[in-house]
Structure formats: structure tokens, C-alpha cells
Asker: 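Dropping the structure in here first, questions after.
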Amino acid sequence: MTHTQKRIIINNVIMTLSTLSAVIGMAFLFWILGVLVINGIDALNWNIFSQVGAPPGYEESGLKHALIGQLYIVGVATFAGVPLGIMAGTYLSEYGQKSKLAEIIRDISDIMMSAPSIVIGAFVYAIVVMPMGHFSAWAGSIALSIIMLPIILRTTDDMLQLVPSTLREAAFALGAPKYKVIIQVVYRGAKVGILTGVLLGVARVAGETAPLLFTSFNDNFLNTNMNEPMASLTVTMFNYATSPYEDWQKLGWAAAFILSMFILGLNIIARVFLMKKRIK
Amino acid sequence: MNLLLDKLFAHMTKFIALAVLLIVAWIFTKLFQQSLFSMQASGFDFITETKWAPNLEKFGALPAIYGSVISTFLAMVLAVPVAIGVAIFLSELAPAKLKSPVGVSIELLAAIPSVIYGMWGLFYFVPIIRDIVGGVGISMLTAGIVLSIMILPFMAAVTRDAMNTTPDILKESAYALGGTKWDVIKDVIIPYAKAGIIGSFILALGRAIGETMAVTFVMGNVHKISADLTQPATSIPVTLANEFTEADSPIYYSSLFELSLLLLVISFTIISIAKFYFLRRKRIGA
């Protein structure tokens, strides 16, 4: 066998192996997706949206309490996390720029983006749940907003930097003070980018379970009081899935399906925004 | 008026940006403060003691640490080769028509919450493990495999991105010299993107070690060190997820906080190594 032949054979072997691993990887992932869709659609019915959780065995059992709880917890977290993240990102891109302080904030925030979310839950337990003496939806929202902050900060910083500096200079030349330049020119130029970051941030925290386990805890009934423990889709899913009752497990799959579709939907919208932006 | 608003805006944004640092510092100090009680009670024994018996007020974290290390190690061993394969496929092999649908679906799969992977593991993967290796199916091995599947999309996507940074002109020169695809990959792309690839593996490692929901379903939360991978086990995040709401004494709470602090320090260190050492160099090199 010549050297060339040997190289070609090695090449073919490795290329086959890597295609195979791609196929195996994709197969596993589509298996999960398939399971999710089949079980999810099977479990979906109108009761899911109109009824609250019932003891196992009851026909009229749903996820209304968890859906509304999820909306409250993630909504409040977004309400707090987004403006703070945008402001902090604005500082990095417009004021701090390449300064030492800005670089440190960028690095630390980047690390926090990958830090274990359950630790954030433990932290919020210590600062909110312990002083209050009981679990509450506020605690859950605070945990999620801490997780969201670095994501929004990072995308805002990146997106504002993409705004051409000539735009800023033109506005400065007209005599506009810096805050007006930022709000009326830079934000406007980076609108789509910032929105994309917000969508991705919401998608990320909506799927978080670990930090909610011991902050917002769970509740089997419809509750809209942020001072009380509140059900969320993720924690409800966890409790139902690990229960021995088949109809609860079914509800768990319905929750998993709704949540995944919501998160995938947000991701797809964010992608479409980004693609449009690139084409422009 | 404008001047005042201008100053106000500048100070406000700066204050909030600084608040990010303050929050991180606060997390560390708060967790440290909460774990002081446990540190004073058990000192270094906390990380060497193998017995975790809350009813006897004995808290040894070694089984959880062992479980974290072994399950993450298993996940990495299984996921790294597949991730490299997928990345090679996506960056060099796939026809243009397949490249973007497969790439996008991998990225979307990385966005699926880990609790879903855990649920799938419990209902579909545990029975398979039970049939093949026996036992209850809830085990260290199951956790490692589910974890590897969970980190695969993230790992494959970032590895592909790292490989894609190789300039086409370098690859073309190697092809012009008669290199096969594998020659180009091993002698051009991998050396060029090495720092980025290793960095993304370490980043995935940092994420895997703190991953909670994907493994909580399938690990069993049994505080026992066993060389047999088919036995139920526990890890730091699994212990936290299972026991935080059950803790009933100050020392129990404090021990759980010490576990959280330990986990935060471990993953913070791993992620920092990935970011500062490997991914930083890539940025300068590129």
C-alpha cells in the first residue's frame, strides 16, 4: 500500500466516523424532541389551560395555576432584569468602553452567565426567603433576574458597539448632549439587536428550574400574590414528572411541551430578527 | 438642565454596571457567611468525610463531590468525541444544503431547558439502562450519559464556531498541496483553532458540573461512594435540589450553603480558566 492510499483510507475512515457521530448525536436529540412532541400533544387538551391542578384521579386537572404563575414570575424578572441589563450594557459600550473597569465587569458578567443557577437559588434563599420566613414568588423573580442580567448586559454591549460611531458624531455635531445621543440615536440604531437580546434572555430564564425550587417553591392552586409561594411550569413539571401517578406525569409532559414550544418560539423569532438585520 | 440629566444618566448607568460586580461579590460573601457555622463545626473534614447523615448531624461532602466529578467526567468522555465529530461534519463535510438546517437545529436544541432532558432521561433512558445493566436504572452511569447528551449541542456548536474561524486561504493552501480532508483538519484547522476548541470544552465542563435538573431526575441522591457506576449516587447540585427544602436544622442549612459555595468556587474557577486562558488568547490571535 502506498503512502497516498494509506492517507486516503485514514481520511475515509475518519470522515465516516465523524458523519456517524453527527448522525448519532442528531438521533439522540431528535429522539428527545420526538418524545416531547408526541407525549406533549397527547397530553394537551382544553382543561390544561382552564383548570388548576387536581389530586391524581380527577378528570378536570390542568396547569392554569402553573401557566399564570410562570407568567408572573418570569414577567416580574424581565421587568427588573431588562432595564438594569440595558443600563449596565450602555455603560460598558458608551462610557466604560475599553477601560479597565469595563473590561472587569464584562469578564465577571460573562462568567456569571455560565455559573450554576442553583447557586443563585441558594443565594436568594439566604437574602430573601430566610429574612421573610417563607417562600415567595418575589424570591423566584429576583433569582431569575440575577440570571438574566448578564445575558442582557452582554447583548446590549455588543449591539450598541455595532452602531457606527459616525451616527454618534453626527448627533454630537448637532449639539446633542450624550444622554440624548444614546437614547435617541444609539438605542434607535440598536433597537432590533437589543430586542433580540431580551428575547433570548427571557427564553433562557423561562426554562430555569433549579433556582425556583427553593425560592418561589410551588403551589397547587391559582395564586397571584407575589408574597406567597407560586407554581411555575418548570417546578410543577419536576414535581409531576417525579410523582408515581400517571395522570400527573401526563400533565408534566404537557407542561414540558408548552414550555419548550415557548422557548423555541422565542429563539426562532430572535433568529429571524438577527437575519433580517444582517440582510439590511 | 441638559447638563444635569447628562451627568445623572452617566452616573446611573455606571452605578448599575458596578452593581453587577457588587451582586457577584455579595453572592460569594453571603454564601460564605451562611456556611461559616458548618465550617466551624466540621472544618476540613467537610470535604473528606464520607458520611452524610443529617439525622445524626454528620455532614460529609465527599460523596457529592465524588459524584459531581465522576458524572461530569463521564459526560465529557462521551460528549467530546461526538461533539468533535459533529463539528467536523458541520464545518467541513456537510453539503451546503444540510449545513444550515443541521447547524440551526443543534443550536435550538442547546436552548431546550435542561429539565426536559432530565424528564426524558427518567422516562425513556432509565428503563433502557435498567434492561441493559440491571439494577434500578437510576445511577451514576445514567446521569453521566444524560448529562453528555445535554451538553452535546452546546459543545458541538461552539466547537464548530471555533473551527470556522480558520481562514479559508489556509485550508485552500493545504488542499492545493494535496492534503486530504483529514490532513487539513488535523494539520491546519485543529492547530489553528486549538485554543478555541479546548476553551469551549472547558466551558462546557464548567456548565456540566453545575447542571442540576438534567441529573436530578436520574441520579437518585444516595450519599455513597461506589466504584460501581450502575449504583445510585449524588452530586453537589443534586443534593442541593433534593435537600434544600427539607433541611430542618441550622447546621443542615449551613452545610448545604457550604456545598453551594463549593460548587460556585469550582465552576467559577473552571469557567475563568476557559475564558481567560483559552478564549482570551484566541481573541488576540484572531
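Chain naming here is simple, since letters A, B, ... match the order of the sequence lines and numbering starts at 1 in each.
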Asker: Measure distances from A:Ala203 to the heavy atoms of chain B and classify the residue's part below 4.5 Å as side chain, backbone, both or neither.
Answerer: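 Contact with chain B involves no heavy atom of A:Ala203 at all.
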Asker: Considering only heavy atoms, which portion of B:Leu152 lies under 4.5 Å from any heavy atom of chain A: side chain, backbone, both, or neither?
Answerer: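 Just its side chain gets close to chain A.
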Asker: Look at the aromatic rings of A:Tyr125 and B:Phe244 and report parallel, tilted or perpendicular, splitting at 30° and 60°.
Answerer: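 Because their plane-to-plane angle is over 60°, the rings of A:Tyr125 and B:Phe244 count as perpendicular.
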Asker: Report yes if the side chains of A:Leu101 and B:Leu18 come closer than 4.5 Å at any heavy-atom pair, otherwise no.
Answerer: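 They are in side-chain contact.
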Asker: Can you tell which part of B:Ser272 gets under 4.5 Å to a heavy atom of chain A, answering side chain, backbone, both or neither?
Answerer: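 Interface part for B:Ser272: both.
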Asker: Salt bridge (charged side-chain N to carboxylate O under 4.0 Å, His left out): which pairs involve residues 258-267 of chain B, sequence neighbours left out?
Answerer: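 Sorted result for residues 258-267 of chain B: empty, none.
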Asker: Under the rule for side chain to side chain donor-acceptor pair (under 3.5 Å), what residues qualify as partners of B:Tyr124, not counting sequence neighbours?
Answerer: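 Once residues adjacent in sequence are excluded, the partners of B:Tyr124 under the side chain to side chain donor-acceptor pair (under 3.5 Å) criterion are A:Asn39.
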Asker: Go through the atoms of B:Leu240 and report whether side chain, backbone, both or neither lie under 4.5 Å from a heavy atom of chain A.
Answerer: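 For B:Leu240, backbone and side chain are both near chain A.
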Asker: Nearest 0.5 angstrom please: B:Ile185 CD1 to A:Ser18 OG, how far?
Answerer: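 The OG atom of A:Ser18 is 6.5 Å from CD1 of B:Ile185, to the nearest 0.5 Å.
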Asker: Testing the basics here: between A:Arg7 and B:Thr180, what is the closest heavy-atom pair and its distance to 0.1 Å?
Answerer: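 Smallest interatomic distance, heavy atoms only, reads NH2-N, 3.8 Å.
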Asker: Which region of B:Leu203, side chain (C-beta onward) or backbone (N, CA, C, O), has a non-hydrogen atom less than 4.5 Å from a non-hydrogen atom of chain A, or is it both or neither?
Answerer: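 Only the side chain of B:Leu203 comes within 4.5 Å of chain A.
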Asker: State, yes or no, whether a side-chain contact exists between A:Glu208 and B:Met213 at a heavy-atom distance under 4.5 Å.
Answerer: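 Answer no - side chains too far apart.
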Asker: For A:Gly207 and B:Val115, work out which heavy atoms get closest and say how close.
Answerer: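 Between these two residues, the closest heavy atoms are O-CG1, 4.4 Å.
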Asker: Looking at B:Pro113 and A:Ile263, what are the two nearest heavy atoms and their distance?
Answerer: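 Result for this residue pair: CG-CD1, 3.4 Å.
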Asker: What distance do A:Met237 atom CE and B:Ile116 atom CD1 have between them, rounded to the nearest 0.5 Å?
Answerer: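 Atom-to-atom, A:Met237:CE and B:Ile116:CD1 are 4.5 Å apart.
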Asker: Say you draw a straight line from CD1 of B:Ile23 to CZ of A:Phe123; how long is it, rounded to the nearest 0.5 Å?
Answerer: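 B:Ile23 atom CD1 to A:Phe123 atom CZ measures 7.0 Å (nearest 0.5 Å).
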Asker: If you compare all heavy atoms of A:Ser21 against all heavy atoms of B:Gly85, which two are closest, and at what distance to 0.1 Å?
Answerer: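 The pair with the smallest heavy-atom distance is OG-CA, 3.0 Å.
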Asker: Using non-hydrogen atoms and a 4.5 Å limit, figure out which bit of A:Ile120 sits close to chain B: side chain, backbone, both or neither.
Answerer: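 Looking at A:Ile120, just its side chain touches chain B.
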Asker: With a 4.5 angstrom heavy-atom cut-off, is it the side chain or the backbone of B:Leu93 that approaches chain A, or both, or neither?
Answerer: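 Interface part for B:Leu93: side chain.
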Asker: Between B:Leu5 and chain A, which part of the residue has a heavy atom less than 4.5 Å away: side chain, backbone, both or neither?
Answerer: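 For B:Leu5, backbone and side chain are both near chain A.
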Asker: Please classify the contact of B:Ile149 with chain A as side chain, backbone, both or neither, using a heavy-atom distance under 4.5 Å.
Answerer: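 For B:Ile149, backbone and side chain are both near chain A.
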Asker: Can you tell me if B:Tyr252 has over 12 outside heavy atoms packed within less than 6.0 Å of its OH?
Answerer: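 Yes, enclosed.
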Asker: With only heavy atoms counted, which part of B:Val82 is less than 4.5 Å from chain A, the side chain, the backbone, both or neither?
Answerer: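 Both backbone and side chain.
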Asker: Checking B:Thr212 against chain A: side chain, backbone, both or neither under 4.5 Å from a heavy atom?
Answerer: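 The side chain, not the backbone.
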Asker: Looking only at heavy atoms, which two atoms of A:Ala241 and B:Leu122 are closest? And how far apart?
Answerer: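 Minimum heavy-atom separation between A:Ala241 and B:Leu122: O-CD2, 3.8 Å.
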Asker: Counting only heavy atoms not in B:Leu3 (residues, nucleotides, ligands), do more than 12 fall under 6.0 Å from its CG?
Answerer: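 No.
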Asker: Out of A:Ala256, A:Gly252, A:Ala126, which one racks up the most heavy-atom pairs below 4.5 Å with chain B?
Answerer: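 Of A:Ala256, A:Gly252, A:Ala126, A:Ala126 has the most heavy-atom pairs under 4.5 Å with chain B.
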Asker: Measure distances from B:Ile209 to the heavy atoms of chain A and classify the residue's part below 4.5 Å as side chain, backbone, both or neither.
Answerer: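 Neither; nothing under 4.5 Å.
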Asker: Does A:Asp107 form a salt bridge (Lys or Arg N to Asp or Glu O under 4.0 Å) with B:Lys275? I'd like the steps, not just the answer.
Answerer: CA-CA 8 Å; A:Asp107 287 337; B:Lys275 292 257 179 227; over 6 Å; no
Asker: Once rounded to the nearest 0.5 Å, what's the spacing between atom CD1 of A:Ile8 and atom NZ of B:Lys181?
Answerer: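 Answer for the CD1-NZ pair, A:Ile8 versus B:Lys181, is 13.0 Å.
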Asker: Should A:Tyr95 and B:Phe9 count as side-chain neighbours, where that means a heavy-atom distance under 4.5 Å?
Answerer: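 Answer yes - side chains close enough.
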Asker: Between A:Ala122 and B:Phe257, what is the shortest heavy-atom contact and its length?
Answerer: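 Scanning both residues completely, I find the closest heavy atoms to be O-CE2, 3.2 Å.
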Asker: Would you say that A:Leu29 contacts B:Tyr117 through its side chain, given a criterion of any heavy-atom pair below 4.5 Å between the two side chains?
Answerer: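 Yes, close enough: below the 4.5 Å cut-off.
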Asker: Heavy-atom cut-off 4.5 Å, strictly under: side chain, backbone, both or neither for A:Phe28 against chain B?
Answerer: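 Only the side chain of A:Phe28 comes within 4.5 Å of chain B.
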Asker: Should B:Trp26 and A:Ile127 count as side-chain neighbours, where that means a heavy-atom distance under 4.5 Å?
Answerer: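 Counting from C-beta outward, B:Trp26 and A:Ile127 do come under 4.5 Å.
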Asker: So which part of B:Lys30 gets closer than 4.5 Å to some heavy atom of chain A, the side chain, the backbone, both or neither?
Answerer: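 Only the side chain of B:Lys30 comes within 4.5 Å of chain A.
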Asker: For A:Ile24, is it the side chain, the backbone, both, or neither that has a heavy atom closer than 4.5 Å to a heavy atom of chain B?
Answerer: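 Contact with chain B involves no heavy atom of A:Ile24 at all.
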Asker: How long is the gap from NZ on B:Lys14 to CD1 on A:Ile105, to the nearest 0.5 Å?
Answerer: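 Answer rounded to 0.5 Å: 8.5 Å.
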Asker: Measure the OH-NZ distance between A:Tyr179 and B:Lys7 for me, rounded to the nearest 0.5 Å.
Answerer: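 One finds 14.0 Å between OH of A:Tyr179 and NZ of B:Lys7.
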Asker: Can the ring centroids of B:Phe15 and A:Tyr91 be said to lie less than 6.0 angstrom from one another?
Answerer: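 No, they do not, as the ring centres are separated by 6.0 Å or more.
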Asker: Is chain A contacted by the side chain of B:Leu31, its backbone, both, or neither, given a heavy-atom distance below 4.5 Å?
Answerer: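 The side chain, not the backbone.
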Asker: When you look at A:Met15 and B:Glu92, which way does the side-chain contact (heavy atoms from CB on, under 4.5 Å) test go after all the steps?
Answerer: CA-CA 10 Å; A:Met15 291 306 119; B:Glu92 305 303 317; over 6 Å; no
